[in-house]
Amino acid sequence: MNKQIAQELKIFTEVVCKRYSFKDRENNFNNETFKIQEIIPTSDHTATVIYEKNTLKRAAFFFYYIPRQKKWHYFVPTDSHINGMNCFSNQKIEVERHNYKHNFN
């Protein structure tokens, strides 16, 4: 991850932290506040961010950078999302395997 993108990630994770810490946020039934526990880069354009809540529970957010937009995005993946992406990973490899030979036509 290059320095500029990493710095933008850090700033955006703080914005998200404040956003999720609003006491009157929708679905914030326990009036939880969040703090950044750790930012874990997982590729040039992705990161896992672990937030710790004032209840001492944690939440894992998936952050991804869209180069064309020059902007970070995020979502909180469910187990279903993670299982689906594991399957997607296998299919992506098969697509790359298929496409490789077409680079020499």
Side-chain angles (χ1 to χ4, degrees):
M1 186 177 296
N2 77 39
K3 185 176 183 178
Q4 179 65 34
I5 290 174
Q7 290 172 345
E8 291 172 17
L9 172 62
K10 184 172 184 335
I11 291 167
F12 189 53
T13 61
E14 292 166 358
V15 168
V16 172
C17 186
K18 288 177 187 170
R19 183 181 297 160
Y20 271 77
S21 293
F22 289 138
K23 296 277 187 178
D24 60 351
R25 175 179 55 83
E26 189 175 344
N27 297 322
N28 190 2
F29 305 113
N30 296 324
N31 295 319
E32 294 171 317
T33 57
F34 289 64
K35 67 178 180 180
I36 299 166
Q37 182 190 44
E38 187 174 8
I39 299 170
I40 307 163
T42 51
S43 73
D44 286 348
H45 294 136
T46 65
T48 298
V49 179
I50 308 298
Y51 290 99
E52 187 169 85
K53 304 175 190 184
N54 61 320
T55 58
L56 301 180
K57 291 185 174 183
R58 295 179 182 165
F61 287 52
F62 180 75
F63 281 71
Y64 59 100
Y65 185 79
I66 306 292
R68 188 171 188 180
Q69 296 177 357
K70 297 184 178 177
K71 185 176 176 183
W72 282 98
H73 300 270
Y74 71 94
F75 72 102
V76 182
T78 64
D79 291 342
S80 181
H81 290 121
I82 294 166
N83 289 333
M85 287 306 287
N86 283 331
C87 293
F88 176 80
S89 176
N90 294 331
Q91 295 304 313
K92 177 69 169 135
I93 290 169
E94 290 304 315
V95 167
E96 293 300 330
R97 177 182 284 150
H98 170 82
N99 289 346
Y100 180 77
K101 65 182 171 277
H102 296 290
N103 290 312
F104 305 100
N105 294 341

Can F75 and H81 be said to form a ring-ring contact (aromatic ring centres under 6.0 Å, His included), step by step?
-> CA-CA 10 Å; F75 72 102; H81 290 121; 5.3 Å; yes
Before giving the answer on side-chain contact (heavy atoms from CB on, under 4.5 Å), spell out for E94 and H98 the whole-Å C-alpha distance, their side-chain angles and the decisive distance to 0.1 Å.
-> CA-CA 6 Å; E94 290 304 315; H98 170 82; over 6 Å; no
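By the side chain to side chain donor-acceptor pair (under 3.5 Å) test, S43 is found to be paired with T46, residues two or more places apart in sequence or in another chain being considered.
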Run the side-chain donor-acceptor check on residues 13-23: report pairs under 3.5 Å with partners two or more places apart or on a different chain.
| residue | atom | partner | partner atom | Å |
| --- | --- | --- | --- | --- |
| T13 | OG1 | L9 | O | 3.4 |
| T13 | OG1 | K10 | O | 2.8 |
| E14 | OE2 | K10 | NZ | 2.7 |
| R19 | NH1 | Y74 | OH | 3.1 |
| S21 | OG | C17 | O | 2.9 |
| S21 | OG | F34 | N | 2.7 |
| S21 | OG | F34 | O | 3.3 |
| K23 | NZ | N31 | O | 3.3 |

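The same ILVMFWY cluster, assembled from side-chain heavy atoms under 4.5 Å apart, contains both V76 and V49.
Taken to the nearest 0.5 Å, the CD1 atom of I5 stands 7.5 Å off from the CG atom of D44. Taking CD from E96 and CD1 from I93, the interatomic distance works out to 9.5 Å, rounded to the nearest 0.5 Å. Going from atom OG1 of T33 over to atom NZ of K53 covers 10.5 Å, rounded to the nearest 0.5 Å. Considering CG of N30 and OG1 of T55, their distance stands at 7.0 Å, rounded to 0.5 Å. A distance of 10.5 Å separates CE of M1 from CD of E8, quoted to the nearest 0.5 Å. With rounding to the nearest 0.5 angstrom, the CH2 atom of W72 is 9.5 Å from the CD1 atom of I66.
Taking the six-membered ring for Trp and thresholds of 30 and 60 degrees, Y51 and F61 have ring planes more than 60 degrees apart, a perpendicular arrangement. Between Y64 and F62, the ring planes are parallel. Angles under 30° get that label, and only those over 60° would be called perpendicular.
For residues 61-74, the set of pairs meeting the salt bridge (charged side-chain N to carboxylate O under 4.0 Å, His left out) definition, not counting sequence neighbours, is empty.
Heavy-atom contacts from other residues, nucleotides or ligands closer than 6.0 Å to CG of D79 number 12 or fewer. Other residues, nucleotides and ligands contribute at most 12 non-hydrogen atoms within 6.0 Å of the NZ atom of K57.
Residues H73 and Q69 approach most closely at NE2-OE1, 2.5 Å, considering heavy atoms.
Proximity of a side-chain donor or acceptor of N83 to a complementary backbone N or O of S80 within less than 3.5 Å is not detected.
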